[in-house]
Structures are given as C-alpha cells and as structure tokens.
Amino acid sequence: MLDKTYSPQDVEARLYKAWEAAGCFKHGVKAGKPYTIALPPPNVTGSLHIGHALNHTLQDVLIRWQRMRGRDALWQPGTDHAGIATQLIVERQLAQQQTNRHQMGREKFVERIWQWKAESGGMITGQQRRLGESCDWSRERFTMDDGLSAAVRKVFVELYREGLIYKDKRLVNWDPKMQTAVSDLEVESIEVKSHLWYFRYPVEGMADTFITVATTRPETMLGDTGIAVHPEDERYRHLVGKFAILPLVGRRIPIVADEYSDPEKGSGAVKMTPAHDFNDFEVGKRHDLEMINIFDRHAHLNENVPEKYRGLERFAARKQVVADLEELGLVEKIEPNTHMVPHDEKSKTVVIEPYLTEQWYVNAAVLAKPAIEAVEQGDIQFVPKNWEKTYFEWMRNIQPWCISRQLWWGHQIPAWYGPDGKVFVAYDEAEAQAEAHTHYGKAVTLTRDEDVLDTWFSSALWPFSTLGWPEQTPVLKSHYPTDVLVTGFDIIFFWVARMIMMGLHFTKKAPFHTVYIHALVRDEKGQKMSKTKGNVLDPLVLIDKFGADALRFALTIFAAQGRDVKMSEQRVEGYRNFATKLWNAARFAEMNGCALPDDFSPKSVNGTVNKWILGRLGQAVRDVDAALEAYKFNEAAGALYHFTWGTFCDWYLELIKPALTGEDEAQKAETQATCAYVLRQLIHLLHPFMPFVTEELWEKLYGAQKEQAGGGFLMLRDWPTDGARAEDKVAAAEIDWLIRLIDAVRAARSALNVPAGAKIAMQGVGDDPGLIRRLLRHNDPIKRLARIETITMEQTAPAGSGCARIVVDGTTFVLPLANVIDIAKEKARLAKERDKALTEIAKIDAKLGDATFVSRAPEAVVEEQRERRAAQTAMAEKLAEALAQLG
RNA sequence: GGGCGGUUAGCUCAGCGGUAGAGCACACCCUUCACAUGGGUGGGGCCACAGGUUCAAAUCCUGUACCGCCCA
C-alpha cells in the first residue's frame with residue numbers, strides 16, 4: 001500500500017543509482033534510429049544553477065521521450081575546462097598560500113590545476129544526477145582530454161595551413177588584471193557616469209590659436225598622434241594640414257580631416273590615440289598616424305611617456321594629466337558625461353583596455369559563409385525562428401576571432417619559433433623540428449608559443465570531438481550529426497555559430513539540424529538572478545525542498561517559446577503538489593484493486609465512462625507528441641497537467657467510484673482494468689517530465705508483474721501509442737453532458753447556500769427516452785457527485801416556488817428545496833443566467849442579421865452560429881419558464 | 001543610433017482570424033471512505049492606445065506610447 005504522500009528524498013537517489021547501475025543511460029539500450037544531443041558542457045568549475053536546470057531539463061525531456069519512442073538515444077555529457085575561470089580559482093588558492101603561479105612555474109601550475117580538477121572539479125556532474133539527467137556518463141568527456149586535445153591540434157594546424165588562422169598585430173581587448181587578450185564577445189559595455197574633458201592644444205605657428213578637443217580618457221592624450229576634424233566643418237577647415245603641439249609631451253601632431261569626427265559631439269575635434277582606441281586605430285591607418293603604445297601589460301604607463309608619468313596606473317595618470325593641464329590653463333571645461341565603458345564580462349569590475357599586441361586570429365568571415373548558407377537553406381533551423389535574424393546579423397558582420405590567450409590553463413598553441421622568429425605550426429614538436437630542419441638546413445632550437453587557445457575554440461568542436469573525431473569511430477558514424485542543440489540565446493555567438501562553422505568546415509555536415517533556443521530564468525519580479533542581488537534560486541535547495549520532479553515540471557511548463565522564465569519557490573511548490581496528486585490517484589487505484597489483467601484491450605471496453613477516458617487519454621498522447629515535436633514544452637506539460645488533474649482525477653476517478661464499490665462485478669472488473677490501464681499509460685507520458693515519481697509508481701504498482709509487462713524500468717519502456725486509437729464520439733458527448741449536468745446542480749446548490757451535506761431530490765422534465773437511459777446509466781455518479789437523493793423524470797414540471805431549476809442542453813431539472821430555498825436568491829440566479837443567454841442571442845443575431853456575414857463567411861461558421869443561437873434560445877426560454885414558476 | 005521582443009484577470013503567463021483561458025492569489029462553503037500538498041462554488045478583463053485590412057481582429061498590417069534585451 002502506498003504512503004499517503006510521496007517523499008522524493010527517500011526515492012530519488014535510490015532510483016538514480018539503480019538506473020545508472022543498470023546501464024539505462026547508455027546509448028544503444030534501444031535499437032532504433034539514433035537520436036543525439038550534445039550537452040552544452042558546463043564549466044568544470046561550475047555548480048548547477050537554475051539556468052542549467054532549465055537547459056538540462058528540456059534536453060532530458062527530449063532524450064527520455066525519444067528513448068521511450070525506441071530511438072537509440074545518446075545524450076553526450078562532459079565539462080569545459082573554462083580557461084580563465086579555472087585558472088582564477090587556483091590562482092586565488094595560491095594567493096592564500098602566499099605564492100603565485102610565476103613562482104611556481106608553468107608546468108607545476110598546470111599540474112596543480114589538474115589536481116584541483118581531480119579533487120573538486122566536476123561537482124556539477126553530481127548535481128546533474130540529482131536533477132535526474134539521463135546522460136550517458138560512460139561517455140563523459142572533458143575539453144582537455146587527450147582525444148579532444150588532438151582534435152583541437154588538428155583543427156588549428158589545418159586552418160593554419162589553409163591560411164584561415166594567422167598572426168596579426170592589431171588592437172585587442174586586453175584584460176590588465178588577467179593580462180590576457182579576450183575576444184570582442186568577452187567584453188561587456190557598462191554605462192558609467194564620468195566626465196567629458198575639453199583640452200586646448202596650441203596650434204603650431206599660430207600664436208594664441210588653440211584647437212579644443214573633447215575626450216573621455218584624458219590619460220591617453222600622452223599617446224596622441226593626431227587630431228581629426230570633419231572635412232565639412234567650417235570651424236576647423238583652416239586648420240586642416242597644420243600641426244598642433246601636444247601639451248605635456250611637446251610632440252607635433254597633424255590635424256587631419258576625417259568623417260569619423262562628429263561635428264555635433266564635443267568640440268567637433270577629436271584627439272587621435274591610434275594605439276588605444278578602436279576608432280582611432282582605423283582613422284590612424286587611413287591617415288598614416290604614428291601608433292604609440294603608452295601602456296604596459298598592467299595598463300601602467302610605460303617609457304613612451306614623459307618621465308614624470310612613467311609607472312603610473314592608468315586612473316592615477318588620468319588625475320595627474322588633468323591636474324597638470326589645468327595648471328597650464330589648457331582645460332577649457334569639464335562636463336558631466338555618461339558613456340559606455342568596456343568591462344570584463346566575468347567579474348564586470350576590470351576595465352578592458354584596447355591594446356596593441358600580436359595575437360592569433362581565425363579568419364571567421366570565410367568560415368561564416370557556409371554557416372550562413374546552412375541556415376538560409378534550412379539545413380539548420382532555429383526554434384523559435386526569429387533567432388535566425390540575430391544569427392545572420394552577427395554572422396554577416398563577423399570580425400576576425402582572436403583565439404590566443406595569455407594564460408597557462410588551456411590548449412597550448414601548437415606553434416614553434418625558430419631562432420629568427422620564423423613560425424612552424426605542427427601537430428607536435430617533432431613535426432615542427434622536422435620542418436625547421438628543412439627550412440634552416442640544420443637542427444635548431446625551437447621555442448613553443450606560450451599562449452593557449454580561447455576556451456570556445458575547443459567548445460566549437462564539441463559535437464564531433466566528443467564522439468571521437470578525427471578518428472572515424474563507430475559512434476561518430478552512428479550519432480553524428482547530432483539532432484538538436486538546446487541552449488540559451490546568450491551563447492549563440494560564443495558557441496552555436498562557431499560549432500556550425502567548425503562542423504561544416506571539418507565534417508562537411510551541419511553538426512545538428514535544429515537549434516532550440518530557450519529563455520533566461522529570472523526571479524519572480526523578472527530580474528536577472530545574480531549573487532550580488534541575492535535573488536538567486538538554488539536548484540539544489542529547491543530539489544531538497546520539493547523534489548527534482550517538481551522543479552523539472554515547473555521549469556518545463558514555464559518554458560514557453562520567446563519568453564523569459566520567471567521562477568519562484570511558490571511555483572515549484574505547486575508542482576510538488578501535482579506530484580502528490582498523481583501519487584494519491586495511484587494510491588486510490590491501488591486501494592480499489594485496479595490491477596491490469598494481462599489480456600486487457602482498450603478496444604473491448606464497453607462502459608461509457610471507460611470509453612470516454614480512453615478517448616481523452618488518446619487526445620492527451622496526441623497533444624503531448626505534437627507539442628514535443630514542435631519543441632513546445634509548456635504545451636506538452638500543460639496538456640499532461642490538465643489531463644491528470646482536471647480530467648483523470650477530478651472526473652474519471654470520481655465518476656467510477658460507484659462502479660468500484662458496486663455490485664455489478666463485470667462493470668467493476670472492466671473499470672478496475674481501465675483505470676489501471678490509463679494510470680499506467682499516464683505515468684509513461686509523465687515520465688520524461690517527472691522521471692522519479694513515475695518510476696517509483698511503476699515499481700510499486702506494477703513491480704510484481706514487471707517482467708510480464710515488458711520488464712525492467714519504466715524509463716526504458718515503450719512510449720504509449722494510444723494516440724492512434726479513434727475517440728468514441730458518442731461516449732465523449734455523453735460524459736460531457738454528464739459533467740455539465742453535475743456542474744449545473746453544484747452551481748445552483750452553491751448559489752442557494754444549500755448545505756453540502758444536504759441530499760436533495762432531482763426531477764427531470766420531459767419524456768425523451770435517450771435522456772432517461774442516460775440518467776439511468778449514470779444514476780449513481782450523479783447522486784454521488786451532485787449529492788442527489790433521488791432522480792426521477794416527469795412529463796410536466798411541478799409548479800410552485802419551493803424549487804430551484806436548472807437547464808442543461810434544453811432540459812429543465814427541478815430541485816425541490818422547499819425548506820432551504822431563498823426565493824429572492826433563486827430568482828436573481830435564474831435572471832442572471834437568462835440574461836447571459838439573451839446577451840449571447842443578441843450578439844449572434846447581430847451577426848446573422850448582417851447580410852455580408854451570411855454571404856461571405858464560410859457556411860460552417862454560419863451554421864455554427866445558427867446552432868448556437870438555437871441552443872441559447874432554448875436555454876433562455878427554459879430559464880424564463882423557471883422564473884415564471886417562482887412567481 | 002541599429003535590431004529583436006513584450007504590453008491579455010490582483011500577480012505570472014497561455015492563446016495569435018470565428019463563444020476571452022490557465023496557475024497562483026482572493027471570497028464563500030466543505031475534514032464526504034485517494035489526496036486539506038485536498039474538494040466544491042464564485043468574483044474579477046473596452047486583450048496598452050490610435051488608425052487600417054477583413055463578413056469577422058486580443059489574434060493580421062501601420063503608427064504612437066511605455067517596458068525589457070542584444071549590438072554599436
């Protein structure tokens with residue numbers, strides 16, 4: 001016998017272990033067509049946050065669903081080495097021990113990170129298990145595994161040899177704290193309140209003539225090598241071609257005309273610091289301006305500035321420069337100004353510096369071309385479709401991808417330098433040596449490039465590198481290309497686009513046919529969750545409190561396409577209640593002997609209620625399948641929620657209670673069997689969404705007969721095919737009527753304050769034999785659910801005011817309530833009902849009276865309106881009669 | 001500045017040409033033999049605004065206003 005409530009804490013860990021031990025998660029447990037999802041690898045440093053929980057739940061729903069449908073499902077898990085994040089963690093540990101990586105040396109430091117990874121990395125995979133994820137852990141991969149590293153080297157070398165990877169000296173986004181380059185995408189612009197400084201630079205050879213420039217970064221003036229004005233700007237036309245003398249430095253800098261300068265902004269003249277600003281860099285190239293780098297790797301001023309400023313930190317330098325210019329009387333004015341300042345996207349505290357260095361780049365524009373075409377031609381489809389625009393927008397304007405990082409943790413770039421700096425890119429040192437030997441005609445000492453690759457470089461290969469590429473492994477052949485990629489929109493550029501580019505280039509196939517983009521999880525007020533705001537909902541806490549199933553179901557049912565998911569604890573609690581409801585429905589079935597006979601066939605069911613619920617079950621299966629096919633997770637979960645609670649529990653179980661306790665053994669047996677059958681199918685349908693409670697119910701309810709029922713775990717059973725069964729329309733119509741009848745009696749009772757315990761009589765008016773048969777058939781359920789004592793049919797209605805009257809499908813039912821009825825209330829109730837009908841009739845008449853509507857609307861629509869009018873008219877008439885009876 | 005999305009019941013959101021929906025919250029009734037993590041009933045909406053298309057618009061189009069997000 002089942003307990004009164006379901007307690008996830010006692011069940012989840014045990015079931016997960018059992019699944020994993022039995023090999024349920026491995027690909028190949030079903031022999032059908034392969035179905036593959038590559039899990040976006042979480043950072044090895046990470047812990048499961050609510051965003052992961054959503055992302056992973058949706059994938060698990062798909063995987064479990066497809067597995068049950070017989071597909072050879074593979075959900076490929078793993079973790080990402082997360083260059084900067086991981087290195088930072090270990091560096092912090094070192095700092096606590098009063099040491100640092102430089103003291104330690106590269107080799108020791110990297111060893112230390114591996115050690116950290118072995119001890120505390122991958123905590124997240126344990127947390128993923130708590131969520132119930134059915135990934136094939138036997139295939140778990142890490143982006144720095146040998147195999148994946150080999151894939152990285154191959155890709156680098158081949159792209160280099162094709163000329164698609166090259167070294168270039170240009171401005172990069174420089175993180176002065178980590179002392180590494182980062183890509184455009186790793187920079188976040190943050191609005192900062194600051195000032196706009198107006199400086200006066202003297203013009204050479206023109207006494208008392210100054211040109212005023214406006215800047216947000218005074219300290220960079222020490223690296224100015226020009227001034228730009230707009231060619232059409234009358235104010236400055238006479239100065240173009242002349243030189244200004246840079247204050248504090250004394251350098252002669254040319255005044256040039258360039259359209260970049262906006263006459264509306266500031267003074268209309270802009271100082272040019274080509275080595276420290278992306279726009280200035282472009283202008284500088286156009287006008288052949290000198291590039292003077294004034295910062296070192298820490299963004300402290302270097303030897304290219306006057307001695308006074310050398311060694312100053314950039315913000316200290318700013319103060320000093322302004323003070324000195326003020327002293328010289330060269331500050332015209334200072335305005336308050338709000339502008340966007342680039343920050344590192346991880347901590348958002350370090351100001352990123354445009355910095356002139358030599359780095360490795362991928363020629364992304366070339367790789368983007370086929371990647372754009374793949375989406376244009378529909379080889380890859382985004383769901384929802386509108387994300388394709390975002391993708392195109394970025395891909396069509398793609399910039400060279402800076403892939404080198406000045407870190408130690410990551411894939412070291414397979415490039416070696418000869419004594420004269422000549423570069424040899426090769427799979428390994430031996431190959432590089434051989435090439436060098438040929439080049440120099442003798443053996444030379446090579447030095448390996450110190451840099452490592454951007455983390456996203458290895459992630460870009462994930463869908464095929466995890467399957468063994470470049471080896472042509474069997475699993476690569478069977479499971480690549482993968483099917484769907486499920487991810488958030490925030491990494492479309494970082495990851496999705498790059499996977500498509502690399503996949504197409506190296507495998508000649510799109511790595512997946514569908515990209516499902518889900519929303520961000522926000523808090524209940526719609527705020528982005530962040531640790532600093534303290535509004536973070538920890539999925540593990542929610543799992544502890546309400547169970548993994550509740551969290552999964554909540555996430556799924558809120559995952560409507562194109563909207564953010566607003567999460568709150570209360571919502572999860574609501575779906576915990578749903579799990580309890582299902583549990584108790586099963587408990588009820590168990591208590592009432594609802595076992596499933598081996599030879600049960602839905603086709604041979606005779607009872608109307610049983611036929612009806614089988615029809616509704618079929619509809620539920622069709623709804624769930626259709627919704628999941630279209631990645632409408634919320635609709636799938638919603639359909640199941642309503643079927644389970646609103647149909648199966650609220651109506652079916654209530655309607656069959658009399659039969660289950662009744663004398664008619666044949667009816668009882670059929671009902672028990674049908675109930676058991678529907679419940680069994682229902683836990684199949686709910687399994688992808690709520691794997692634990694359904695598996696537990698399967699075990700408890702059908703454990704004894706598991707073997708004959710197909711054996712083993714629910715998660716490996718076959719998905720219901722009840723959707724193929726035609727619905728019995730007669731049964732559906734009859735039960736719909738029954739529900740309307742019971743609803744109407746309940747509403748009348750409630751409106752008239754008839755005590756819930758009071759049993760009353762009900763008398764139908766008329767002599768329709770079909771109606772009489774229906775009433776007879778459902779005599780017991782009506783009595784029970786509407787709390788009726790006796791049901792009779794009479795030719796004519798009894799007169800008098802001591803009765804309530806309801807109208808269902810044109811038939812009046814009289815409820816004699818002489819003792820309890822409040823006539824005024826009853827009149828008000830009936831009048832309200834009647835007026836509602838009259839309003840409807842008026843609306844319909846307006847439509848039907850419109851000649852263009854009748855002539856131009858489809859016949860079916862017109863007919864529908866006529867039918868509705870007839871029904872409403874009958875209703876209004878009966879209600880009017882009922883009112884008349886009350887006097 | 002460019003792009004995308006949103007505006008529907010108190011809250012969170014479905015619906016996206018043909019009778020305005022759900023969950024939660026609220027009010028009232030009920031411890032009736034699965035479940036009070038429950039059951040029953042009910043109140044509550046000019047579907048942001050203005051035009052247009054259509055026999056018919058919450059739904060399609062255009063514009064406006066506010067609110068988000070992304071990219072400069």
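To find a chain, count down the sequence lines: A is the first, B the second, and so on, and within it residues start at 1. Below, each value reflects all heavy atoms present in this structure, side chains not excepted, and no hydrogens, waters or symmetry copies.
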- For nucleotides 19-32 of chain B, just jot down a letter per nucleotide in 5' to 3' order: B, S or -, based on protein non-hydrogen atoms under 4.0 Å. BS-S-SS------B
- Query: In whole Å, what is the span from the CZ atom of A:Arg829 to the P atom of B:U41?
  - Reply: 13 Å
- Item | Euclidean distance, atom CZ of residue A:Arg396 to atom P of B:A72 [Å, nearest integer] | 17 Å
- Name the residue closer to the 5' end of RNA chain B, choosing between A:Phe578 and A:Phe588 according to the nucleotide with the nearest heavy atom. A:Phe588
- Item | Pairing partner of B:C26 (Watson-Crick or G-U wobble, both distances under 3.5 Å) | B:G42
- Message: Please determine whether a side-chain nitrogen or oxygen atom of A:Arg856 lies at a distance below 4.0 Å from atom OP1 or OP2 of B:C55.
- Response: yes
- Describe the nucleic acid contact of A:Lys832 in one word from base, sugar-phosphate, nothing, applying a heavy-atom distance below 4.0 Å. sugar-phosphate
- On a whole-Å scale, what distance lies between the C1' atoms belonging to B:G39 and B:U53? 49 Å
- Report yes or no: does A:Trp583 contribute a side-chain atom to a donor-acceptor pair with the main-chain N or O of A:Asp3 at less than 3.5 Å? yes
- Query: Between B:G38 atom C1' and A:Glu573 atom CD, what is the distance in whole Å?
  - Reply: 14 Å
- Toward the 5' end of RNA chain B, which comes first, A:Ser189 or A:Thr5, by nearest nucleotide? A:Thr5
- Item | Electrostatic pair A:Lys385-A:Glu388, nearest N-O below 4.0 angstrom | yes
- Separation of atom CD in A:Glu590 from atom P in B:A34, rounded to whole Å: 13 Å
- Message: What I want to check is whether the side chains of A:Asn584 and A:Tyr6 have a donor and an acceptor closer together than 3.5 Å.
- Response: no
- Measure the distance from CZ on A:Phe489 to P on B:C69 and round it to the nearest whole Å. 10 Å
- Query: Between B:C47 and B:G38, how far is it from one P atom to the other, in whole Å?
  - Reply: 33 Å
- Query: Using a distance-only test with no angle check, is there a side-chain donor-acceptor pair under 3.5 angstrom linking A:Gln619 and A:Asp623?
  - Reply: yes
- Task: Indicate, yes or no, whether a donor-acceptor pair under 3.5 Å links the base of B:U41 to the side chain of A:Arg746.
- Result: no
- Task: Would you mind classifying the nucleic acid contact of A:Asp650 as base, sugar-phosphate or nothing, using non-hydrogen atoms under 4.0 angstrom?
- Result: sugar-phosphate
- Message: Return the CZ to CZ distance between A:Arg286 and A:Phe281, rounded to the nearest 0.5 Å.
- Response: 11.5 Å
- Between B:C49 and B:G43 - P atom distance, rounded Å: 24 Å
- What about A:Glu654: does its side chain form a donor-acceptor pair under 3.5 Å with the base of B:A34? yes
- Side-chain N or O of A:Lys632 less than 4.0 angstrom from OP1 or OP2 on B:A14? no
- Item | Separation between the P atoms of B:C46 and B:U8, rounded to whole Å | 12 Å
- Query: With both distances kept under 3.5 Å, what pairs with B:C4, Watson-Crick or G-U wobble?
  - Reply: B:G68
- Query: Atom OH of A:Tyr391 to atom C1' of B:C4: distance rounded to whole Å?
  - Reply: 18 Å
- Query: Rounding to a whole Å, what distance do you find between A:Gln399:CD and B:C71:C1'?
  - Reply: 12 Å
- Query: Any salt bridge between A:Glu833 and A:Arg829, counting N to O under 4.0 Å?
  - Reply: no
- Item | Whole-angstrom distance between B:A57 and B:U62, as gauged at atom C1' | 15 Å
- Should B:A50 form a Watson-Crick or G-U wobble pair with both distances under 3.5 Å, which nucleotide is its partner? B:U62
- Short side-chain N/O contact from A:Lys389 to OP1 or OP2 of B:C4, under 4.0 Å: yes
- For the pair A:Asp549 (side chain) and A:Phe692 (backbone), establish whether a donor and an acceptor sit closer than 3.5 Å, ignoring hydrogens and angles. yes
- Message: Would you measure the distance from the P atom in B:G23 across to the matching atom in B:U59 and give it in whole Å?
- Response: 25 Å
- Scanning all shown strands, the Watson-Crick or wobble mate of B:C55 with both distances under 3.5 Å is B:G18
- Query: Would you call A:Glu353-A:Arg217 a salt bridge at under 4.0 Å N-O?
  - Reply: yes
- Say you pick atom C1' in B:U37 and the same atom in B:U54; how far apart are they, in whole Å? 50 Å
- Query: Whole Å only: how far is the CG atom of A:Leu582 from the P atom of B:A34?
  - Reply: 16 Å
- From the options B:U37, B:C4, B:G18, select the nucleotide whose nearest atom is closest to the side chain of A:Ala857. B:G18
- How would you label the contact of A:Asn279 with the nucleic acid (heavy atoms, under 4.0 Å): base, sugar-phosphate, or nothing? nothing
- Query: Taking any strand in view, what nucleotide pairs with B:A36 in a Watson-Crick or G-U wobble way, both distances under 3.5 Å?
  - Reply: none
- Query: Can a side chain N or O of A:Asn577 be found less than 4.0 Å away from OP1 or OP2 on B:G38?
  - Reply: yes
- Query: When rounded to the nearest Å, what value does the distance between C1' atoms of B:G45 and B:A14 take?
  - Reply: 15 Å
- Considering only B:G42, B:G39, B:C55, which nucleotide approaches the side chain of A:Thr852 most closely? B:C55
- Message: Could you check whether A:Glu789 pairs with A:Lys783 (Lys NZ or Arg NE/NH1/NH2 to Asp/Glu carboxylate O, under 4.0 Å)?
- Response: no
- Query: Is there a donor and acceptor pair closer than 3.5 Å between the side chain of A:Lys4 and the base of B:C35?
  - Reply: no
- Message: Under 4.0 Å between a side-chain nitrogen and a carboxylate oxygen: does that hold for A:Glu863 and A:Arg869?
- Response: no
